[in-house]
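To keep things clear, I will list the structure first and then write my remarks on it.
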Amino acid sequence: MSERRKSLVVQVRAHRAPAGDWIGEGFTATKRIGNAVIRNRAKRRLRAASRELLAHYGRPGCDYVFIARMGTATVDWTRLLDDMKSALISLGACLDESSGQS
RNA sequence: CCAGGCGGCCGGGCAGCCGCUGUUGCCGGCCUUCGGGCCGGUGAUGGAGGAAAGUCCGGGCUCCAUGGAGACAGGGCGGCGGGUAACACCCGCCCGGCGCAAGCCGAGGGAAAGUGCCACAGAAAGCAGACCGCCGCUGACUUUGGUCAGCGGUAAGGGUGAAAGGGUGGGGUAAGCGCCCACCGCGCGGCCGGCAACGGUCGCGGCAUGGUAAACCCCGCCCGGAGCAAGACCGAGUAGGGGGCGCACAGGGCCCGUCUCCGGCCAUGCGCCCCGGGUGUGUCGCUUGACGCGGCCCAGCAAUGGGCCGUGCAGAGGAAUGGCUGCCCCUUUCCGCCAGGAAAGGACAGAACCCGGCUUACAGGCCGCCUGGUCGC
């Protein structure tokens, strides 16, 4: 499942068969958002933000993918942190809901 | 001071907190074939560019291919000399064009070997060409000025065009024509200067040879293919695979880009022996190299070459070299009590085996030299 915000998209999925208690993470930026300099900067900011937030708001045993959008490299740092935090909280709620159903 | 030309350089700085990665020191743990390797902690130190870009040339390096002769293709280069590992690069010079000048631009060999093309306009466009005009002769008419018709001569003039078969001036002529003459241009030959491209000069010819070769072509010189996902190693060693020897040999296949001749090689079946291992995993290749930078000296107009001293400067691998904050610098806008304050912005762009170039992109800024003009001394 995925959550989209103004400055980024976050996807999450539980580990396959041998599930661990660690958190997997990946970062990507498509050519749509700019040249190599812009894409690298966007991925570095996502990496820096996830380092601050994933330990608190991420779920062990899950893999997260962070996808850069047009504004990722340029928006305010606090705005990027807010967007990522709210996306992670929403995904956590969805995970609880789906595990409760099954 | 204004306008312009050329060359070179920089392309944000400082600090704090938290991270990534290469190398290395120490400590601890694990493994070991005792060489070392891996993990964790801690300290030191290095960590994008002038274009890292486009991947357009030239090389190094790696693997593959590589038998001789002849013929024919294909691609590239193109004034001359020098530099270089090499080049389509660089330097100097020559020629032509542009600019008052400093300077800039030029695919700049050959169009009297051949072929093709040259629209429109125009009478005529490559065996040149009589539309108007000019001139002569004959005839008719006549208001005695000429007019008309026919036959000739003529490329000076008009008009068309990108281009009209040398140009200007004079002589000559019925009018004209290199028909003749002078100068310029062109061609041929000699002499002089220069390594040469080429320049100068003298003589002769007497106008012949339109343009286009980034059209085919001709001439001269050069040229194997692929690329680090090249390639090598470790590893469990199944199938396929490869090599050697012996036996059997019809047609066939392969070997320089193609063809011809000559020459060489080979598979297929059986037996015996040996080698060896698929993989964007791991390790190596991987950064010390025609190396860069800072001085000094020598040769050279210069590009560059040589010598000495010092110094070092990234090596990732779904891809590190960063994230955030504060102050300063520059630009724009706004407020203003004209002291200052606030906000926004700071280009082009990210190494991927490594060098030498070219080309393209680029906010802002610095330095030096030169040319023309103006003002003052």
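To find a chain, count down the sequence lines: A is the first, B the second, and so on, and within it residues start at 1.
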- Taking the P atom of each, how far is B/C30 from B/A53, in whole Å? 49 Å

- Task: State plainly whether one hydrophobic cluster holds both A/Leu88 and A/Val9, where clusters connect Ile, Leu, Val, Met, Phe, Trp and Tyr through side-chain heavy atoms under 4.5 angstrom apart.
- Result: no

- Note on the structure: When both distances are under 3.5 Å in a Watson-Crick or G-U wobble arrangement, the nucleotide paired with B/A111 is none

- Note on the structure: Across all chains, not counting sequence neighbours, the ring-ring contact (aromatic ring centres under 6.0 Å, His included) partners of A/Tyr64 are none

- Message: Which is it for B/A250, anti or syn, if anything within 90° of zero counts as syn?
- Response: syn

- Message: Within this structure, what is the SG-CD1 distance for the pair A/Cys94 and A/Ile89, rounded to the nearest 0.5 Å?
- Response: 12.0 Å

- Query: With both distances under 3.5 angstrom, what nucleotide forms a Watson-Crick or G-U wobble pair with B/G159?
  - Reply: none

- Item | P atoms of B/G92 and B/C6, separation to the nearest Å | 15 Å

- A/Ala42: what forms a side chain to side chain contact (heavy atoms under 4.5 Å, CB included) with it, not counting sequence neighbours? A/Ile33, A/Ala68, A/Thr72, A/Ala73

- Query: What integer number of Å spans the P atoms of B/G82 and B/C195?
  - Reply: 12 Å

- Message: Taking syn as a glycosidic torsion within 90° of 0 and anything else as anti, which one is B/G246?
- Response: anti

- Sorted by chain and residue number, the side chain to side chain contact (heavy atoms under 4.5 Å, CB included) partners of A/Ala49 (sequence neighbours excluded) come out as A/Trp77, A/Leu81, A/Met84

- Query: Which nucleotide, in any strand shown, forms a Watson-Crick or G-U wobble pair with B/G210, with both distances under 3.5 Å?
  - Reply: B/C118

- Query: In whole Å, what separates the C1' atom of B/A130 from that of B/G153?
  - Reply: 11 Å

- To the nearest 0.5 Å, atom CD1 of A/Ile67 lies from atom OG of A/Ser2 at 7.5 Å

- Message: Expressed as a whole number of angstroms, how long is the span from A/Arg39:CZ to B/G318:C1'?
- Response: 13 Å

- Message: Using O4'-C1'-N9-C4 for purines and O4'-C1'-N1-C2 for pyrimidines, with syn meaning within 90° of 0, is B/A107 syn or anti?
- Response: anti

- Partner of B/A86 under the Watson-Crick or G-U wobble criteria, both distances under 3.5 Å, comes out as none

- Spacing of the C1' atoms in B/G126 and B/U115 (rounded, Å): 16 Å

- Item | Separation of B/G19 C1' from A/Lys43 NZ (nearest whole Å) | 18 Å

- Query: Using purine N1 to pyrimidine N3 plus N6-O4 or O6-N4 for Watson-Crick, or N1-O2 and O6-N3 for G-U wobble, both under 3.5 Å, which nucleotide pairs with B/C141?
  - Reply: B/G146

- Task: Would you mind listing every side-chain hydrogen bond (donor to acceptor under 3.5 Å, both in side chains) that reaches into residues 79-91 of chain A, with sequence neighbours excluded?
- Result: A/Arg5-A/Ser86, A/Arg5-A/Ser90, A/Ser7-A/Asp83, A/Arg79-A/Asp83

- Taking atom C1' in both B/C57 and B/G161, compute the distance separating them and give it to the nearest angstrom. 44 Å

- Message: Between A/Asn40 and A/Arg47, which residue's closest nucleotide on RNA chain B lies nearer the 5′ terminus?
- Response: A/Arg47

- Determine the interatomic distance between P on B/C228 and the same-named atom on B/U268; round to the nearest Å. 35 Å

- Any strand, both distances under 3.5 Å, Watson-Crick or G-U wobble: B/C26 pairs with B/G41

- Note on the structure: Hits for salt bridge (Lys or Arg N to Asp or Glu O under 4.0 Å) against A/Arg47, two or more places apart or cross-chain, chain-then-number order -> none

- Between B/U24 and B/A15, how far is it from one P atom to the other, in whole Å? 28 Å

- Task: Name the pairing partner of B/G169, where a pair is Watson-Crick or G-U wobble with both distances under 3.5 Å, or state none.
- Result: B/C181

- Message: Return the pairing partner of B/A101 with a 3.5 Å limit on both distances, Watson-Crick or G-U wobble; otherwise return none.
- Response: none

- Task: Could you tell me whether B/G74 is syn or anti, where syn means a glycosidic angle within 90 degrees of zero?
- Result: anti

- Message: Anti or syn, where syn is a glycosidic angle within 90° of 0; which label fits B/U62?
- Response: anti

Expected rows: protein N/O vs nucleotides 322-325 of chain B N/O, under 3.5 Å:
from   : atom 1 : to      : atom 2 : distance (Å)
B/G322 : O3'    : A/Arg44 : NE     : 2.9
B/G323 : OP1    : A/Arg41 : NH1    : 2.8
B/C324 : OP1    : A/Arg45 : NE     : 2.9
B/C324 : OP1    : A/Arg45 : NH2    : 2.6

